Amino acid sequence: PARDKYLDTWKALEKLYADGRVRAIGVSNFQPSHLRRVLDEGSVVLAVNQIELSPYLVQQELRAFHADHGIATEAWSPLAKGGDLLGEQAVADIATAHGRTPAQVVLRWHLQLGNVVIPKSVTPSRVAENFDVFGFTLTDAEVAALSALDRGLRTGPDPDTFDLA
Ligand SMILES: NC(=O)c1ccc[n+]([C@@H]2O[C@H](COP(=O)([O-])OP(=O)(O)OC[C@H]3O[C@@H](n4cnc5c(N)ncnc54)[C@H](OP(=O)(O)O)[C@@H]3O)[C@@H](O)[C@H]2O)c1
């Protein structure tokens, strides 16, 4: 955004889409103001916005914006990089109640909010664990308890201040 290039870049993606060379186009780390500009001045609806999102960073405003405009929300660092979040008491209590792991509970929270999730692991047993999240359902109260962990905590750069320079 600091270089004011993202609309030009988006229009190049729109050309690829119009030419049939890609089936869908989307963005990453766009804030509502960036999305509004692309929606106002572009001609193709965004398929997805990939943003940092976890129970520590619930991203209520962006998720609502996406829902209003038919944009999929994709969560990067969905486990908040596997750090303190997985040791939270609220996460542990819910994991115990369902006989699941903390990571599975967090991934289930994402899915029940409607998020696309892309957890990363180099550990085969964790990759398998992270896929195995379709055999249980959190209650509304459990989803709310996990959302209550929100503290606006980013593990990566803030898109409003990030600059490559
Ligand atoms: N668009 C962007 O700007 C952006 C920025 C950052 C990341 N991303 C994307 O987001 C993806 C995931 O993000 P991320 O890697 O930052 O964070 P993450 O998926 O939230 O966390 C990854 C960490 O959690 C650990 N972990 C994974 N599964 C676990 C489990 N079941 N139990 C305990 N620990 C577990 C991993 O350890 P091990 O690997 O040692 O198992 C790794 O240290 C990346 O692959 C990347 O593509 C996008």
Side-chain angles (χ1 to χ4, degrees), residues 1-7 9-10 12-13 16 22-35 37-38 46-63 65-66 69 71-138 142-143 145-165:
R3 299 180 191 188
D4 198 23
K5 290 288 187 196
Y6 66 90
L7 194 58
T9 306
W10 178 256
L13 291 176
L16 292 173
V22 295
R23 282 182 288 181
I25 54 178
V27 296
S28 183
N29 297 317
F30 271 38
Q31 298 285 50
S33 63
H34 310 132
L35 293 172
R37 192 160 168 220
V38 163
L46 290 139
V48 63
N49 186 17
Q50 184 187 119
I51 56 173
E52 181 169 5
L53 202 172
S54 76
Y56 277 165
L57 182 68
V58 169
Q59 298 271 27
Q60 179 59 38
E61 182 188 3
L62 266 173
R63 287 192 298 106
F65 188 103
H66 295 163
H69 293 85
I71 301 168
T73 299
E74 184 168 68
W76 65 257
S77 293
L79 302 174
K81 291 196 167 31
D84 292 348
L85 174 64
L86 300 184
E88 286 282 352
Q89 193 60 49
V91 177
D93 290 347
I94 296 167
T96 301
H98 289 274
R100 294 289 182 155
T101 67
Q104 288 175 319
V105 162
V106 171
L107 294 174
R108 192 66 216 173
W109 172 85
H110 280 284
L111 295 176
Q112 289 184 219
L113 290 186
N115 302 335
V116 177
V117 276
I118 51 167
K120 167 263 167 189
S121 177
V122 297
T123 313
S125 61
R126 286 178 171 172
V127 174
E129 175 188 327
N130 295 346
F131 268 117
D132 183 19
V133 290
F134 300 102
F136 71 111
T137 304
L138 303 177
E142 288 169 338
V143 169
L146 294 170
S147 298
L149 295 173
D150 188 18
R151 58 193 66 172
L153 186 80
R154 292 185 184 277
T155 65
D158 185 335
D160 281 327
T161 53
F162 178 77
D163 190 4
L164 290 171

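All ligand and atom numbering here is 1-based and tracks the order in the structure. As a basis for the values below, the full set of heavy atoms in this structure was taken, side chains included, without hydrogen atoms, waters or symmetry mates. Counting begins at 1 with the first residue of the sequence. Keep in mind it's a predicted model, so treat the numbers as computed, not measured.
Note on ring orientation: taking the six-membered ring where Trp is involved, the planes of Tyr6 and His34 are perpendicular (angle over 60°, cut-offs 30° and 60°).
In Arg23, the CZ atom is not crowded: 12 or fewer heavy atoms of neighbouring residues, nucleotides or ligands sit closer than 6.0 Å. Counting heavy-atom neighbours within 6.0 Å of Asp84 CG, excluding the residue itself, gives a total of 12 or less.
In this structure, the protein non-hydrogen atom closest to atom 25 (C) of ligand 1 is Arg126 NH1, 3.9 Å. Scanning the protein for heavy atoms near atom 3 (O) of ligand 1, the closest one is Asn29 ND2, 2.8 Å. In terms of protein heavy-atom proximity, atom 8 (N) of ligand 1 is closest to Trp76 CB, 3.5 Å. Of the protein's non-hydrogen atoms, the one nearest atom 27 (C) of ligand 1 is Lys120 O, 3.1 Å. For atom 13 (O) of ligand 1, the closest heavy atom belonging to the protein is Ser77 N, 3.2 Å. Counting protein heavy atoms only, atom 48 (C) of ligand 1 is closest to Gln50 OE1, 3.2 Å.
Contact check on Glu142 versus Arg100 returns no salt bridge, with no Lys/Arg side-chain nitrogen under 4.0 Å from an Asp/Glu carboxylate oxygen.
The shortest N or O to N or O distance between Val122 and ligand 1 is below 3.5 Å. Between Pro78 and ligand 1, at least one pair of N/O atoms sits closer than 3.5 Å. For a threshold of 3.5 Å applied to N or O pairs, the pair formed by Leu79 and ligand 1 contains at least one separation below that value.
Distances from atom 47 (O) of ligand 1 to the heavy atoms of Asn130, Leu85, Thr155, Ile118 show the closest one on Ile118. When the heavy atoms of Glu74, Glu129, Lys81, Gln104 are ranked by distance to atom 43 (O) of ligand 1, first place goes to Lys81.
In this structure, His110 contributes its side chain and Pro78 its backbone to a donor-acceptor pair below 3.5 Å. When atom types are taken as modelled, the side chain of Asp150 and the backbone of Val58 share a donor-acceptor pair closer than 3.5 angstrom. In this structure, the side chain of Glu129 does not engage the main chain of Thr101 through any donor-acceptor pair within 3.5 Å.
Checking Trp109 against Ser54 by side-chain atom types alone, no donor-acceptor pair falls below 3.5 Å. For the residue pair Ser77 and Lys81, a side-chain donor N or O sits within less than 3.5 Å of a side-chain acceptor on the partner.
Under the 4.0 angstrom criterion, atom 5 (C) of ligand 1 counts as having a protein heavy-atom contact.
Ile94 approaches Val105 most closely through the heavy-atom pair CG2-CG1, 3.7 Å. Val133 approaches Arg108 most closely through the heavy-atom pair O-NH1, 2.8 Å.
Every atom of ligand 1 with a heavy atom of Thr123 under 4.0 Å away is listed here by number and element: 38 (P), 40 (O), 41 (O). Of all atoms in ligand 1, numbered sequentially from 1 with element shown, those under 4.0 Å from a heavy atom of Leu86 are 33 (C), 34 (N). Within ligand 1, counting atoms from 1 as listed, the ones closer than 4.0 Å to a heavy atom of Pro119 are 19 (O). The distance from ligand 1 to the heavy atoms of Ala103 drops below 4.0 Å at these ligand atoms: 30 (C), 31 (N), 32 (N). Within ligand 1, the atoms closer than 4.0 Å to a non-hydrogen atom of Ala80 are 20 (O), numbered from 1 in the order shown.
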